[in-house]
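The block underneath contains the structure these notes are about, expressed in structure tokens.
Chain A is the first sequence line, chain B the second, and so forth, proteins listed ahead of strands; every chain is numbered from 1.
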Protein chains: 2
Amino acid sequence: MTRKDEILQVSARLIREKGYVGLSMRDLAKAIGVKAASLYNHIPSKQAILAEIILHLAEDFTSQIQHVAIKSISSLDKLKQIIEHHVDLSLHHPNKLALLNNEWMHLEGQSLADFKTMRNQYEEQLRQIINQGKANNELKALHTELVLFSLLSTLRNLNVWIKKRGSIPAEQLKNELHQVLLNGIS
Amino acid sequence: MTRKDEILQVSARLIREKGYVGLSMRDLAKAIGVKAASLYNHIPSKQAILAEIILHLAEDFTSQIQHVAIKSISSLDKLKQIIEHHVDLSLHHPNKLALLNNEWMHLEGQSLADFKTMRNQYEEQLRQIINQGKANNELKALHTELVLFSLLSTLRNLNVWIKKRGSIPAEQLKNELHQVLLNGIS
DNA sequence: GTCTATAGACAGATAGAC
DNA sequence: GTCTATCTGTCTATAGAC
């Protein structure tokens with residue numbers, strides 16, 4: 001792992017704990033074991049750390065849902081693959097996902113605009129999949145926005161909860177989550 | 001509305017936008033129309049603003065769920081009343097709820113300990129209601145923690161989405177949300 | 001109850017030695 | 001690539017006049 005990767009990884013953990021504004025470059029440097037000035041040989045600014053972490057993840061989500069959307073499978077199978085992708089990323093990058101969810105408002109300029117564009121694209125793709133499912137009678141005739149919101153709320157919070165899941169293996173987690181989200185609990 | 005109430009209300013809106021650390025007392029004072037030093041005639045510190053907003057809401061949630069838990073009604077009806085309370089608070093105090101969800105880690109000392117205690121109590125009460133529902137065959141035999149997590153994820157994100165709900169009246173929102181969360185979407 | 005002025009700490013970032 | 005030293009600005013909070 002390069003020093004730059006180390007900076008990004010440690011930054012994600014510390015920003016998750018202290019918030020973007022609450023983390024100082026001195027604290028970050030101390031956690032890595034160098035002086036603050038040395039960080040600037042690897043990254044141009046504090047803002048660039050946040051932008052790189054968030055935009056990289058946002059691009060991953062966007063390309064995945066576009067890849068799923070054009071497949072010739074049922075809407076329910078599309079939703080299943082989207083859920084699985086959220087589980088996989090939540091397992092492997094929980095800290096970076098926390099930044100995507102909670103620190104994006106500290107992005108500036110073009111980075112903030114790009115993030116908003118990708119977020120809107122993601123929600124629009126998911127909205128279309130839900131509407132297709134309703135048209136095919138795969139999904140109930142509920143408010144699309146309510147279904148979209150409920151799904152995304154649970155998926156975007158997976159990173160908070162996934163480390164406390166205890167003994168549930170990843171595959172079983174995906175199956176039960178799929179059942180809870182699509183078939184309900186009662 | 002007293003000046004102190006005005007400070008709390010404006011603080012909630014600005015902290016939601018900029019984060020607790022990102023909001024300066026100068027910015028807060030300017031939004032209210034006074035100088036920063038004048039704020040300290042109404043509140044003892046910046047930290048006290050955050051603590052008062054968050055702990056007040058946490059006490060509201062805790063007392064409500066304890067009130068519901070001891071009722072002689074079905075587990076499904078208990079869940080319905082809990083969902084309705086989240087909707088009501090999300091409609092009336094969206095900014096303060098955002099702080100409860102996203103800024104609690106900036107609490108310090110006894111305030112932070114009290115918050116964590118109340119949050120654990122809330123989750124434990126909800127866990128018991130879910131387990132009762134499973135024992136009564138009102139709820140499916142799914143992982144309790146997964147059901148708890150999914151429910152709370154959606155309920156705690158209501159404040160983000162509720163202002164975009166458009167034309168859905170509050171009563172209809174409660175009914176559809178109840179259906180989505182308990183009966184599923186497919 | 002609001003103001004001006006300021007104390008004292010800490011922020012992001014840069015210059016230049018090694 | 002890391003360091004020391006430092007610039008320049010902002011932060012919370014207080015003192016004391018009005």
* With A:Thr144, the side chain to side chain donor-acceptor pair (under 3.5 Å) member among A:Lys134, A:Arg127, A:Gln128 ->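 Of the listed options, the one satisfying the test is A:Lys134.
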
* A:Leu181 vs B:Ser150 side-chain heavy atoms within contact, under 4.5 Å ->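 Answer yes - side chains close enough.
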
* **Side-chain heavy-atom pair B:Val34, B:Arg3 within 4.5 angstrom cut-off** =>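 Sidechains of B:Arg3 and B:Val34: in contact.
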
Starting from [atom2] on [N], measure out to [atom1] on [X] and report it in whole angstrom.
{"X": "A:Lys35", "N": "D:dT6", "atom1": "NZ", "atom2": "P", "value": "15 Å"}
{"X": "A:Ile7", "N": "C:dG12", "atom1": "CD1", "atom2": "P", "value": "14 Å"}
{"X": "B:Arg3", "N": "C:dG1", "atom1": "CZ", "atom2": "P", "value": "10 Å"}
{"X": "A:Gln47", "N": "C:dA13", "atom1": "CD", "atom2": "P", "value": "9 Å"}
{"X": "A:Tyr40", "N": "C:dA15", "atom1": "OH", "atom2": "C1'", "value": "14 Å"}
{"X": "B:Asp27", "N": "D:dA13", "atom1": "CG", "atom2": "P", "value": "15 Å"}
{"X": "A:His42", "N": "C:dT14", "atom1": "NE2", "atom2": "P", "value": "15 Å"}

* **Closest to the B:Val34 side chain, choosing from C:dT14, C:dC3, C:dA13** =>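 The listed nucleotide nearest to B:Val34's side chain is C:dC3.
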
Taking OP1 and OP2 of [N], is either one under 4.0 Å from a side-chain nitrogen or oxygen of [X]?
{"X": "A:Ser38", "N": "D:dG1", "answer": "no"}
{"X": "A:Lys46", "N": "C:dG12", "answer": "yes"}
{"X": "B:Ser24", "N": "D:dC11", "answer": "yes"}

* To do: Give one of base, sugar-phosphate or nothing for A:Leu23, where a contact means two heavy atoms less than 4.0 Å apart.
  =>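 Touches sugar-phosphate only.
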
* Is A:Leu28 touching bases, backbone alone, or none of the nucleic acid, heavy atoms closer than 4.0 Å? ->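 If one applies the 4.0 Å heavy-atom cut-off, A:Leu28 turns out to touch nothing in the nucleic acid.
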
* To do: Using heavy atoms to find the nearest nucleotide of DNA chain D for A:Ala36 and A:Arg26 separately, return the residue whose nucleotide is more 5′.
  =>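 With A:Ala36 and A:Arg26 compared, the 5'-side residue is A:Ala36.
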
* Using ring-ring contact (aromatic ring centres under 6.0 Å, His included) as the criterion, point out the one residue from B:His56, B:His86, B:His67, B:His93 that pairs with B:Phe61. =>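 With B:Phe61 as partner, ring-ring contact (aromatic ring centres under 6.0 Å, His included) holds for just one option, B:His86.
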
* Heavy atoms of other groups near A:Lys174 NZ, more than 12 under 6.0 Å ->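 Enclosed.
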
